[in-house]
There are 2 protein chains.
Amino acid sequence: MNAFSVTNQSPSKALDDWENAVIDLFLNAANSFGLPKSYGQIYGLLFCRDQPLAMDEIMELLKISKGSASQGLRALRQLGAVSSVFAPGDRRERYIAECRLRKLVGGFLREQADPHLEKGTARLNQIEKLVNNLQDEGSRKRGVRRHEILSGWHRQMSRLLPWVKMIVGKSDRLPQKNSE
Amino acid sequence: MNAFSVTNQSPSKALDDWENAVIDLFLNAANSFGLPKSYGQIYGLLFCRDQPLAMDEIMELLKISKGSASQGLRALRQLGAVSSVFAPGDRRERYIAECRLRKLVGGFLREQADPHLEKGTARLNQIEKLVNNLQDEGSRKRGVRRHEILSGWHRQMSRLLPWVKMIVGKSDRLPQKNSE
DNA sequence: AAAATAGTTCAAGTTTTTTTGAACAAACTG
DNA sequence: CAGTTTGTTCAAAAAAACTTGAACTATTTT
């Protein structure tokens with residue numbers, strides 16, 4: 001048949017088709033969440049693998065630069081989406097993906113949503129102050145009304161986040177062998 | 001405070017400070033949700049106003065181009081964040097902001113999240129097919145495992161969205177004399 | 001029907017974000 | 001300690017996203 005290929009015996013040299021498909025899925029997901037696509041690629045690759053990978057392996061498999069790999073891994077660790085391990089007798093750090101959705105969502109909310117809510121509080125206070133300074137009765141009333149609406153939204157969003165963490169955490173990894 | 005100002009008698013000529021603050025808030029919010037900042041500005045302006053505004057007024061107040069205004073208004077209508085009305089005896093369309101958070105969230109999920117979930121289904125099917133074609137027993141098992149995890153995530157996300165709509169809908173505008 | 005008004009489209013220009021790679025720092029090795 | 005390996009940083013290049021404005025369609029007015 002074919003001298004090469006067949007079963008892909010070299011584990012760290014090239015990606016399987018399904019791995020490329022998964023990586024591409026995470027690339028798109030990262031984009032939708034406002035993260036650089038390289039973050040998605042790195043996470044996707046690690047997600048596919050059982051064994052932890054070192055940075056230079058990631059660079060080679062994904063064909064991305066040292067800088068991207070370094071920055072991507074740092075951000076993913078910060079989000080709790082990736083953690084590092086040390087193989088005994090090897091100096092390099094190696095990385096694995098966090099596969100529990102609850103942890104991923106939790107990290108994302110902690111790093112992205114929570115800061116926005118905090119900034120929101122500050123902005124609302126500023127708006128309230130500006131509104132209260134208005135001289136014209138009608139304008140002030142309109143401004144007060146708008147500030148009230150925004151405060152209500154802010155409160156609702158703050159309420160929502162804990163629920164999201166709960167609901168996603170419910171049944172994490174699939175209950176092992178389970179047919180649809 | 002402000003040399004001019006006093007009561008700002010020209011309604012369609014300039015923005016109040018608080019309006020600028022609100023517009024800026026929505027500009028930032030739009031960014032975080034992956035929407036162009038001009039969309040946020042337009043929504044923010046309409047959100048501040050009691051009276052509907054025409055496109056050329058929006059262009060002038062925000063200093064944005066015809067193209068941005070047109071495209072922004074179209075997208076916002078598509079999201080259900082803005083609706084148009086016709087003032088009697090005026091040919092121009094005029095726009096108002098939807099201020100019910102439930103509607104805004106619903107529209108956003110419908111336009112952004114739902115399509116992603118659908119594409120996700122397709123991608124998962126593709127991955128499943130690729131995985132099942134694998135010859136090597138070990139690789140296939142790993143692939144199957146990953147596909148199961150992703151399917152579980154997908155299912156959880158699908159479950160989450162209805163809850164989000166519910167929770168946000170709970171107490172919409174602040175409990176106040178609501179007219180509508 | 002010509003002129004004026006409203007609004008859309010899209011190629012080109014601008015701005016912002018992401019990626020790259022060379023220079024650097026830190027930690028190990030012989 | 002000099003050399004090697006591992007990983008970080010950041011200025012510049014590349015890519016992606018957004019905005020602009022002129023040309024265009026459609027509708028209304030004179």
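Bear in mind that the values here come from a model prediction, so they are computed numbers and not experimental data.
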N28(B) and R123(A): side chain donor to acceptor below 3.5 Å:
yes
Looking at R91(A) and dT6(D), is any side-chain donor or acceptor paired with a base atom of the opposite kind under 3.5 Å?
no
ILVMFWY network linking Y43(B) to L124(A), side-chain heavy atoms under 4.5 angstrom:
yes
What is the distance, rounded to the nearest whole Å, between atom CD of Q78(B) and atom P of dT8(C)?
13 Å
Decide if atom CD of Q51(A) counts as having more than 12 heavy atoms of other residues, nucleotides or ligands within a radius under 6.0 Å.
no
Nearest-angstrom distance from the residue atom CZ of F86(A) to C1' of dA27(C)
11 Å
Distance, rounded to the nearest Å, where L73(A) contributes CG and dT9(D) contributes C1':
15 Å
Side chain of Q71(A) - closest among dT9(D), dT8(D), dC18(D)
dT9(D)
Could you check how far OH of Y39(B) sits from C1' of dA17(D), rounded to whole Å?
11 Å
From CD1 of I42(B) across to C1' of dG7(C) the rounded distance in Å is 14 Å
Proximity to the side chain of E93(A) - top-ranked nucleotide from dG7(D), dC10(C), dT19(C):
dG7(D)
Name the closest nucleotide to the K37(B) side chain, picking from dT19(D), dT9(D), dT5(D).
dT19(D)
Rounded to whole angstroms, how far apart are CE on M55(B) and P on dT27(D)?
16 Å
In terms of hydrophobic clustering (I, L, V, M, F, W, Y; side-chain heavy atoms under 4.5 Å; direct or indirect links), are L53(A) and I96(A) co-clustered?
no
Could you state the CG-C1' distance from L62(A) to dT20(C), rounded to the nearest angstrom?
15 Å
Give the nucleotide from the list dT19(C), dT8(D), dG7(C) with an atom nearest to the side chain of K66(B).
dG7(C)
Base, sugar-phosphate or nothing for I64(A)? Non-hydrogen atoms, less than 4.0 Å.
sugar-phosphate
Against the side chain of R92(A), the closest entry in dG7(C), dT20(C), dT6(D) is dT6(D)
Under 4.0 Å between a side-chain N/O of S38(B) and OP1 or OP2 of dT19(D), yes or no?
yes
Among dT20(C), dC18(D), dT9(C), which nucleotide sits nearest the side chain of S68(A)?
dT20(C)
Is there a side-chain contact between S70(B) and the phosphate of dT8(C), meaning an N or O under 4.0 Å from OP1 or OP2?
yes
Would you say R74(A) reaches dG7(D)'s phosphate, i.e. side-chain N/O to OP1/OP2 under 4.0 Å?
no
State whether the number of non-hydrogen atoms from other residues, nucleotides or ligands found under 6.0 Å of K141(B) atom NZ is greater than 12.
no
Grab the CG-C1' distance between D90(A) and dT6(D) for me, whole Å please.
10 Å
